[in-house]
Amino acid sequence: MIEVNGISKSFLVSKRPPGLAHAVKSLFRREYTVVEALQNISFTIGSGEIVGYIGPNGAGKSTTIKTMSGILVPDSGTCSIMGYTPWKDRVSYVKNIGVVFGQRSQLWWDVPVLDSFELLRDIYRIPPLEYRSTLALLVETLDLQALLHTPVRQLSLGQRMRCEIAASLLHSPSLLFLDEPTIGLDAVSKIAVRQFIKTINEEKGVTVILTTHDMNDIEALASRLLLIGKGKLLYDGTVQGLRSRYGSKSGAAEASQLQQASASTSEQGHSTGSLSIEDIVVQMYKEYAL
Amino acid sequence: MTLYFKYMLLLFKAQMEYRASFLLLVLGQCLTPFTVFTGLYFMFERFGDMKGWSFYEVLLCFAVTHMAFSITECFARGFDMFSSLVVSGDFDRLLVRPRGTIIQVLGSKFEFSRVGRLLLGAGVLIWAIMNLDIAWSPLKITALVLMEASGVIIFASIFILCASFSFWTVQGLEIANILTDGGREMTQYPLSIYHRRIQQFFTFIIPFGCANYLPLQYILGREENPIYAFLPLAGLLFLVPCLLIWQIGVRRYRSTGS
Amino acid sequence: MIKPYYAVLRLRLSNGLQYRAAAYAGIGTQFFFGFIFIMVFEAFYAQTSAAAPQMSLSEVVAYCWLKQAFLAFIVLWLRDNELFQLITSGNIAYELCRPSGIYGLWYAKLLAQRLSSALLRCLPILLVSFFLPQPYRLELPPDFAAFLLFVCSLIIGLFLIVAISMLIYISVFITMSPAGSLLMFSVFGEFFAGMIIPVPLMPDWMQRIVYALPFHWTVDFPFRVYTGNISTLDARAGLLFQLLWLAALIFIGKIAMNKALRRVVVQGG
């Protein structure tokens, strides 16, 4: 379904040191540095998978998502998703994908949720019959009935996120990008959102690519994990694979230190002596000096 | 086009959520040009004449410009506010939707309170026409309508042009005010009162003169050649390069993502 | 006491300097508008038949350039969104926990905002306009006394405009519409201040209204002191009036603010 092959992308970033003197100087001259946001990234994802995409801030996660959703054009490499090259046939391609940016809203702030949905119906040219049945299904699985007539500004963050996800599924995409869908949510909302992602994946067969900083999201949802750091793909495999690679043998001394340090604060995943996924990721970040 | 009206309806609903604020804004929008108008009135009372233009002739010019500007500000406000769309990253959102960028940006914002300025402009227009001795003919009426339409197109083109700049930088966009607010401030008076260079710039580069000053000469009977009545069509030509620059800007955005 | 305010100002300045393009663009824009305004006045003054107005063209030109250079000192529409949000969101309750008085704190904040944006822009505009060809050149004041009085009146005028701005922010407690409040105040305030046309060019009945209001002390008065259109003797008396108005406006502002805050506390934010 998705084939990414050797994608690279670099940006020019202007330097801006702090201080009044530098500020005056930069009035006249400005220095740039080249940032290699993505270096030769390749992977394939099959239909119906849920893939977790993780990495520290600035690692290149959102650049990858932007490239795959057709917003950005990469410097080199190829990408084929459902037969489309995302950045070439933007308009016809994006009909088939849904995107949720966790930190930004796609709903109109001051009007009831249903009005936003109806505008999206018109934007995506969804046939009325199909719209009605999809909406009915989403309302039922996400428990939205009570929210539909409320202006978005009056919704809680968790309620809003449910509506955001529903909004990105109205046109029945077969691929869904979720960029930090659980950010800022309380425990109950997080579990609800995870449950829902699982449901649509199982029932509608939607392929899901999800970025997050919350490892519990990954453990609950993703069987497969992509780890990116400094623009390079560092790990591609299952969560179990990661655990067996780091959990048991190598760096045992460091691992046990870590374990002891976190044992006092965290209680999960320590009963059998295996590391929690967060510890493993911390260890990986360390190993690659991220 | 239907989509455009759907956008409009939704945003109208949204603005009506704050009715008191909306009414205050409408009133303010009406009063802002009213103070300029009052200033103009006082100046004519003292000086009598402006380089050969009478009060009502200048008012006609004033009304046409303010009406065109208010219509553009109402409908093309999305381009006027476009830099914030880029800064907040919400332009990405538009790119993952299966529609053209122009219509989505147009639909991203409407400023209905501009109806205040429109009403004032219409009032001044009627007052000026009633006090001017014009031999109206179908061609002159056509010229007036074309002036209005052309003014809207030119202002909208400038909005699109200025919005395109934000693909390169979001700083220093204040300079765009020279073209938008500056264009309005300037063309509310007959172009002939300005320095020759400025006249040329605003006739041949940005065709405000074709939309406003030159057809006005025809309506007022200062020029007999009927070609003047159709000069506002030049405003359409200005839209073409602006749309082109917009497309280049979008392409750049998609390669730098900044 | 002064130190935190100085820190705010410094931060604002270095912040403002980072946006180099913004500074250039601002100056360029002000020049363009300055030329437009002057050319419009020039067109009127081309009428030789009219009776001699109370202000010469070169005085009007100086008036226009000073207006462009010190725009940040005199416009009412300069906004501080942080303060507006504080009021409309009801988060003002947190501000009440701070040890210093809100009126003073906000006053300093607004003052710093105006100072920093004017300091960056006024010098280049003034410098260039001193060397423009006639009739667009900005003439020097007639004598040193006029210049000194101008500086004093401009500074008091700045304090006055901030006191008036404070009233805008306080009015938002009632209207709950920052844009609406700002628009209404600035529409009338700027007309009465002489921003649209200089006060001496208005008809006599209008001048009488304008002189009864505080707004003209912020724009019309200092700029006409500069050009010598107001004599040094009248200017000295004017400074006194400016101070009286300043005291009155701050007094009114403080009372209004206390009333507004009490309402917030009663409603519980």
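Just so we're on the same page: letters track the sequence lines, and every chain starts at 1.
- In this structure, the portions of B:Y194 lying under 4.5 Å from any heavy atom of chain C include both its backbone and its side chain.
- No part of C:S186 comes within reach of chain B, as not one of its non-hydrogen atoms sits under 4.5 angstrom from that chain.
- When the candidates B:W53, B:Y41, B:Y189 are compared by the number of heavy-atom contacts under 4.5 Å with chain C, B:Y189 comes out ahead.
- Residue B:F34: no heavy atom, backbone or side chain, is found under 4.5 Å from chain C.
- If you measure heavy-atom distances from C:L201 to chain B, the contacts under 4.5 Å come from both the backbone and the side chain.
- Proximity to chain C (any heavy atom under 4.5 Å) is shown, for B:L23, by neither the backbone nor the side chain.
- For an aromatic pair to be called close, the ring centres must be under 6.0 Å apart, and C:W65 with C:F35 satisfies this.
- Residue contact with chain B, scored on non-hydrogen atoms closer than 4.5 Å, involves the backbone and the side chain of C:M202 alike.
- Your options are C:E190, C:E42, C:Q30, C:M206, and the one with the most heavy-atom pairs under 4.5 Å with chain B is C:M206.
- The pair C:D220-C:R224 meets the salt-bridge criterion, since a charged nitrogen lies less than 4.0 angstrom from a carboxylate oxygen.
- A donor-acceptor pair is defined here as one N or O able to donate and one able to accept, closer than 3.5 Å; no such pair exists between the side chain of C:H216 and the backbone of C:A193.
- Separation of atoms CZ (B:F75) and CZ (B:R114) is listed at 12.5 Å; rounding is to 0.5 Å.
- Using a distance-only test at 3.5 Å, with no hydrogens or angles considered, a donor-acceptor pair links the side chain of C:S129 to the main chain of C:L126.
- Taking chain C as the reference chain and counting heavy-atom pairs below 4.5 Å, the highest number among B:I193, B:I198, B:T35, B:T32 is found for B:T35.
- Of the listed residues (B:Y18, B:F44, B:F22), the greatest number of heavy-atom pairs within a distance under 4.5 Å of chain C belongs to B:F44.
- Proximity of a side-chain donor or acceptor of C:R114 to a complementary backbone N or O of C:V75 within less than 3.5 Å is detected.
- Shown are B:F167, B:Y253, B:W168; of these, the side-chain contact (heavy atoms from CB on, under 4.5 Å) with B:I248 is made only by B:W168.
- Of the listed residues C:A43, C:A179, C:G180, the one with more heavy-atom pairs under 4.5 angstrom with chain B than any other is C:A43.
- A donor-acceptor pair is defined here as one N or O able to donate and one able to accept, closer than 3.5 Å; such a pair exists between the side chain of C:T218 and the backbone of C:F215.
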